[in-house]
Amino acid sequence: MVRTTTLASHVLEEERGVGDVIADVAAGVKAVSAVLARAAVCGAVRGAAGENVNAEPRRELDALANELLLDACVRGGHLAAVASEELREPQLVFGRHACPYLLAMDPLDGSSNLCVNVTVGTVFSVLRQPEGVPLGVGSFLQPGSQQLCAGYALYGPCTMLVLTTGREVSGFTLDPAAGEFVLTHPAMRIPEESREFSINASNAGHWERPVRRYVDECVAGSAGPRGADFNMRWVGSMVADVHRVLVRGGTFLYPRDAKDPARPAKLRLLYGASPMALLVEQAGGVASTGRERLLDVVPRALHERVPVVLGSRQEVERLVSYHADADGGLDRPYTSPLFNVRSLLRES
Ligand code: FDP
């Protein structure tokens, strides 16, 4: 008989309080998964709920996922406070136990994909309440390297929970019949090399030179300077795109761009980039802003945004070196032969 490892038995190996927080988040994830599975039938997929604290469109399901996860955490009573993409300020949790743990979460990442039934997810990060700091926003302003646990849930063809507590990355799949998460992806590793990249190419005109150089070289394929053909994948839900990188390698990029000068980066640091960076590093990959290790970035605000470049070691290191070249005035961006032909025709 095959012996299965469940999340419940896995968390017993963790520091007591952190294991309890993971169990509470898992309870919330099961509730969100059940609601998403019935949302279309109940006509709840398209419901709008105004704007979130970042003035972005909010859906009823964003608000509901937030409530369900908060409820599971408050009932569990193992946290001091929860910060969420859906809350302007952290919610203080006066639980049964006086626990020194903080949870930062994006309850429903990728929710603009809900109406087309594409995979969405929950991203979360567990921190320790620093001693001597009053409980509140300041408690959360810690670099990602301080995380005790980072993870995400994936609501796709099956529901998954992928997490790390700083020792390798484990992926669990929800068995709906048993109502339990079962370890299906032990010790996840990102291959060092890869020929697959993921980026919203519609922003190409607004990218910085190093990103344009990298993508141009990939697109040039075997005839270009990389001498190899690359594949491109873009789901448009960060959780799904990063999950693919964790499973089969590649790079995921949401770099700085000049589309909106008031918002040079898109993804959130505390409950997006930071947890993904810890997972990626624990799986052997690299996570950077392009100029700095993501886990070293010290947040200045709860809802701060940051550029993200993560994935297979060799590719991310190449991208980081392109940023250094550009900043030092050393880059010579690749110009495709096609471009040369076009400009020659224009000149003649
Ligand atoms: P969404 O707005 O649908 O929640 O972080 C938010 C996010 O999705 C990411 O999941 C995704 O990678 C990115 O935004 C997609 O944004 P664009 O469509 O603007 O590129």
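Note that ligands are numbered from 1 as they come in the structure, with each ligand's atoms numbered from 1 the same way. Bear in mind the structure is a predicted one, so any value in this text is a computation, not a measurement. FYI, side chains are in, hydrogens and waters are out, and symmetry mates aren't considered; it's all heavy atoms of this structure.
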So for ligand 1, is [X] a polar contact partner (N or O within less than 3.5 Å, distance only)?
| X | value |
| --- | --- |
| Trp234 | no |
| Ser237 | no |
| Asp109 | yes |
| Gly110 | yes |

Using a strict 4.0 Å cut-off to heavy atoms of [X], name the atoms of ligand 1 that fall inside it.
| X | value |
| --- | --- |
| Ser112 | 1 (P), 3 (O) |
| Met238 | 9 (C), 10 (O), 11 (C), 12 (O) |
| Leu267 | 5 (O) |

Minimum-distance protein heavy atom relative to [atom]:
| atom | answer |
| --- | --- |
| atom 16 (O) of ligand 1 | Lys266 NZ, 3.0 Å |
| atom 17 (P) of ligand 1 | Tyr254 OH, 3.4 Å |
| atom 11 (C) of ligand 1 | Gly236 O, 3.2 Å |
| atom 18 (O) of ligand 1 | Asn200 ND2, 4.0 Å |

Charged N-O contact under 4.0 Å between [X] and [Y]:
| X | Y | answer |
| --- | --- | --- |
| Arg189 | Glu168 | no |
| Arg313 | Glu193 | no |
| Arg213 | Asp325 | yes |

If only side-chain N and O atoms count, and only distance matters, is there a donor-acceptor pair under 3.5 Å linking [Y] with [X]?
| X | Y | answer |
| --- | --- | --- |
| Asp106 | Tyr152 | no |
| Glu217 | Tyr322 | yes |
| Gln129 | Ser139 | yes |

For Thr184, the option from Thr5, Thr4, Thr173 that meets side-chain hydrogen bond (donor to acceptor under 3.5 Å, both in side chains): Thr173
Can you tell me how far CD of Gln314 sits from CD of Glu192, rounded to the nearest 0.5 angstrom? 5.5 Å
So for Ser111, does at least one of its heavy atoms come nearer than 4.0 angstrom to any atom of ligand 1? yes
